[in-house]
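Before any comments, here is the structure.
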Amino acid sequence: MTDPRWTRRRLLAVTGAGAALGGLLPAGRAGESSVPARATDFARAVLAGFDRHRLVALGEAHGQQEHGDALQLLLADPRLPEVVDDVVVEFGNARYQPVVDRFVAGGAVDDAVLRQVWRDTTQSPAGTGDQPIREQFFRTVRAVNWTLPPQRRIRVLLGDPPIDWSKISTQAQVDTFLEQRDAHVAALVEREVLSKGRRALICYGSGHVLHASADHAVSLIEEHTGRRVHVIVSGTHPRLAGQPRRTVIPCAGTWLASVDAGQFMDAPPLCGTPLGKVADAVLYLGQRSELTRSLWNPAIFLDPVYWAELRRRNAINGNHLDLEQYRQPQPIGWSTGSPGHCG
């Protein structure tokens with residue numbers, strides 16, 4: 001990129017609420033346990049969330065392999081279709097909703113058409129969706145649905161606004177869609193889920209799913225419908241090192257409730273806000289040194305047609321992104337930049 005502060009990794013970290021709980025926490029008070037007693041495994045925590053709520057939101061750090069792994073296991077849990085009708089995802093262009101409906105129901109969809117779902121979002125070219133965990137998600141839902149009767153099949157709802165890149169030539173046009181992102185998914189959930197008496201799992205970057213976060217998806221849903229969303233955000237901290245991976249720890253009644261959310265989530269606008277005010281629980285996926293990235297195959301970007309389109313989009317965005325890094329090997333270790341600071 002032309003500005004060294006805005007590397008692709010840093011940009012994706014920001015769009016996924018920074019480290020998604022990757023910052024450092026203050027030390028515990030004397031006599032306070034580092035491992036909350038009410039922790040439970042991921043699938044059980046999500047299922048329990050649906051006992052009390054029609055919407056459960058999972059906040060992720062974008063591109064993290066361990067979060068993708070946990071989601072795959074959750075989707076494959078035979079209990080999930082009993083409580084979930086829809087899964088709402090950030091990494092899909094709503095313009096291709098008929099394509100995904102056909103695909104996850106078992107219909108034939110050409111690979112080149114399917115790839116457009118995650119490649120043609122408002123986040124391109126900084127986020128192409130070419131990480132394996134994205135395609136795996138759609139194929140896992142399709143496989144799960146194969147075992148279910150039609151009335152119990154899980155529907156995937158694409159939450160990104162329906163941008164048509166073939167008609168985009170200016171940054172102002174892109175900005176129009178970017179400004180709609182949270183309002184679009186909030187309206188989608190109200191129209192396709194709540195108004196139809198259905199229940200949904202919402203899979204988005206952590207920044208979009210926080211309570212009391214003005215103009216973001218979950219806060220808009222709660223404000224417009226009066227319905228509380230159960231929010232689980234992924235994260236890590238040395239005090240959780242004794243926990244099994246893929247464990248969910250509630251914020252209420254634990255030391256997590258009073259942690260400064262701005263420092264914890266590398267989100268300066270949240271400085272001074274307790275974590276328990278914006279999230280209900282934390283999904284622990286391992287220590288920072290154990291976390292990895294889901295990396296694309298660099299050979300993908302040798303396709304001359306796809307490469308030319310990415311270059312066109314990058315030019316529209318002011319050529320801020322160094323596209324050549326897509327064609328180079330990348331480090332697998334998880335890193336999201338420096339934690340936020342709260343004075």
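Keep in mind the model is a prediction, meaning the values are calculated, not measured. These values consider heavy atoms only, across backbone and side chains, with no hydrogens, waters or symmetry-generated copies.
- Distance check: His53 NE2 to Leu55 CG gives 9.5 Å after rounding to the nearest 0.5 Å.
- In plain terms, the two heavy atoms of Leu291 and Gln64 that are nearest each other are CD1-NE2, 3.7 Å.
- A donor-acceptor pair under 3.5 Å links the side-chain atoms of Asp160 to the main chain of Thr122, judged by distance alone.
- With respect to the salt-bridge test (charged N to carboxylate O, under 4.0 angstrom), the residues Glu82 and Arg79 do not qualify.
- Taking a 4.5 Å side-chain heavy-atom cut-off between Ile, Leu, Val, Met, Phe, Trp and Tyr, the cluster of Phe177 extends to Ile163, Trp165, Ile168, Val174, Leu178, Ile316.
- At a threshold of 4.0 Å, the pair Arg115-Asp110 does not count as salt-bridged, since none of the basic side-chain nitrogens sits closer than that to a carboxylate oxygen.
- Arg227 places no side-chain N or O within 3.5 Å of a backbone atom of Arg54 that could act as its donor or acceptor partner.
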**Request:** Evaluate the side-chain contact (heavy atoms from CB on, under 4.5 Å) criterion for residues Asp77 and Leu73: first the C-alpha distance (whole Å), next the side-chain angles of each, then the deciding distance (0.1 Å), finally the verdict.
**Result:** CA-CA 6 Å; Asp77 192 302; Leu73 291 172; over 6 Å; no
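- Relative to the six-membered ring of Tyr284, Arg246 misses at least one condition, a distance below 6.0 Å or an angle of at most 45° to the axis.
- Counting only heavy atoms from C-beta outward, the side chains of Pro132 and Ser294 approach each other to under 4.5 Å.
- Between Leu58 and Phe42 there is a side-chain heavy-atom pair separated by less than 4.5 Å.
- The backbone N or O of Thr121 sits nowhere less than 3.5 Å from a side-chain atom of Asn93 that would complete a donor-acceptor pair.
- The shortest distance between side-chain heavy atoms of Pro162 and His184 falls below 4.5 Å.
- In terms of heavy atoms, Val87 sits closest to Phe137 at CG1-CZ, 3.8 Å.
- Leu74 is not connected to Ile133 by any chain of hydrophobic side-chain contacts under 4.5 Å among Ile, Leu, Val, Met, Phe, Trp and Tyr, and they are in different clusters.
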**Asked** Can Arg139 and Asp111 be said to form a salt bridge (Lys or Arg N to Asp or Glu O under 4.0 Å), step by step?
**Response** CA-CA 11 Å; Arg139 295 194 181 278; Asp111 284 347; 3.1 Å; yes
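- Of all non-hydrogen atoms in Leu80 and Leu75, the two that sit nearest each other are CD2-CA, 3.9 Å.
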**Pair Asp130-Tyr306, side chain to side chain donor-acceptor pair (under 3.5 Å): steps then yes or no** = CA-CA 12 Å; Asp130 286 301; Tyr306 185 33; 2.7 Å; yes
**Request:** Go through the steps for Cys251 and Asp280 under the test side-chain contact (heavy atoms from CB on, under 4.5 Å), then give the verdict.
**Result:** CA-CA 5 Å; Cys251 290; Asp280 299 300; over 6 Å; no
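- Between Tyr326 and Trp296, the two ring planes are perpendicular [angle over 60°; tilted spans 30° to 60°].
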**Message:** Between Trp334 and Thr292, does the side-chain contact (heavy atoms from CB on, under 4.5 Å) criterion hold? Intermediate values first, please.
**Reply:** CA-CA 5 Å; Trp334 181 252; Thr292 59; 5.7 Å; no
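- Linking Ile, Leu, Val, Met, Phe, Trp and Tyr whenever their side-chain heavy atoms come within less than 4.5 Å leaves Val88 and Leu220 in two separate clusters.
- Within a 6.0 Å sphere centred on CZ of Arg312, other residues, nucleotides and ligands contribute more than 12 heavy atoms.
- No donor-acceptor pair closer than 3.5 Å links the side chain of Arg119 to the backbone N or O of Thr128.
- Judged by distance alone, with hydrogens and angles left aside, the side-chain atoms of Gln173 form a donor-acceptor pair with the main-chain N or O of Ser169 at under 3.5 Å.
- Rounded to the nearest 0.5 Å, atoms NE2 (His211) and CZ (Arg228) are 3.5 Å apart.
- A donor-acceptor contact shorter than 3.5 Å is absent between the side chain of Ser213 and the backbone of Leu210.
- Between the Glu222 side chain and the Val229 main chain, a donor and an acceptor come within less than 3.5 Å of each other.
- Considering every non-hydrogen atom in both Val185 and Gly159, the closest pair reads CB-O, 4.0 Å.
- To the nearest 0.5 Å, the span separating CD1 on Ile154 from CG on Leu148 amounts to 6.5 Å.
- Both the sub-6.0 Å distance and the 45° axial angle are satisfied by Arg134 relative to the ring of Phe91.
- Between the CG atom in Asp51 and the NE2 atom in His230 there is a gap of 10.5 Å [rounded to 0.5 Å].
- A distance of 13.0 Å separates CG of Leu71 from CD of Glu66, quoted to the nearest 0.5 Å.
- Inter-residue side-chain proximity for Ile221 and Ile202 is flagged as met; some heavy-atom pair is nearer than 4.5 Å.
- Summarising the geometry of Glu190 relative to His224, their closest heavy-atom pair is OE1-CB, 4.1 Å, with the distance given to 0.1 Å.
- Contact annotation: the side chain of Trp146 never approaches that of Arg153 to less than 4.5 Å [non-hydrogen atoms, C-beta and beyond].
- Two residues are said to be in side-chain contact when any heavy atoms from C-beta on lie closer than 4.5 Å; Arg181 and Glu90 meet this criterion.
- Taking 4.0 Å as the cut-off between side-chain N and carboxylate O, Arg95 and Asp120 do not count as a salt-bridged pair.
- Atom CG of Leu323 is separated from atom CZ of Phe301 by 9.0 Å, given to the nearest 0.5 angstrom.
- Residues Leu295 and Ile332 have side chains in contact (heavy-atom distance under 4.5 Å, counting atoms from C-beta outward).
- A salt bridge links Glu192 and Arg155; the closest N-O separation between the charged side-chain nitrogens and carboxylate oxygens is under 4.0 Å.
- Taking a 6.0 Å sphere around CZ of Arg327, one finds it holds more than 12 heavy atoms contributed by other residues, nucleotides or ligands.
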**Prompt:** What do the steps show when you test Phe138 against Trp118 for ring pair (Phe, Tyr, Trp, His ring centres under 6.0 Å), and what is the final call?
**Reply:** CA-CA 10 Å; Phe138 292 103; Trp118 55 82; 5.7 Å; yes
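- Proximity of a side-chain donor or acceptor of Ser219 to a complementary backbone N or O of His216 within less than 3.5 Å is not detected.
- Using a cutoff of 4.0 Å between basic side-chain nitrogens and carboxylate oxygens, Arg199 and Asp86 are not scored as salt-bridged.
- Here the side chain of Gln72 pairs no donor or acceptor atom with the backbone of Thr140 at under 3.5 angstrom.
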**Request:** Evaluate the criterion side-chain contact (heavy atoms from CB on, under 4.5 Å) for residue pair Gln171 and Asn317; output intermediate values, then yes/no.
**Result:** CA-CA 6 Å; Gln171 183 61 48; Asn317 292 335; 2.6 Å; yes
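- Inter-residue side-chain proximity for Ser258 and Leu275 is flagged as unmet; no heavy-atom pair is nearer than 4.5 Å.
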**Request:** Just do the side chain to side chain donor-acceptor pair (under 3.5 Å) check on Glu60 and His62 with the steps written out, would you?
**Result:** CA-CA 6 Å; Glu60 69 162 25; His62 290 320; 2.7 Å; yes
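- Considering all non-hydrogen atoms of both residues, Leu285 and Ala70 come closest at CD2-CB, 4.0 Å.
- One hydrophobic cluster holds both Val113 and Val117 under the rule that ILVMFWY side chains link at heavy-atom gaps under 4.5 Å.
- Distance alone, capped at 3.5 Å, places no donor-acceptor pair between the Gln243 side chain and the Leu240 backbone.
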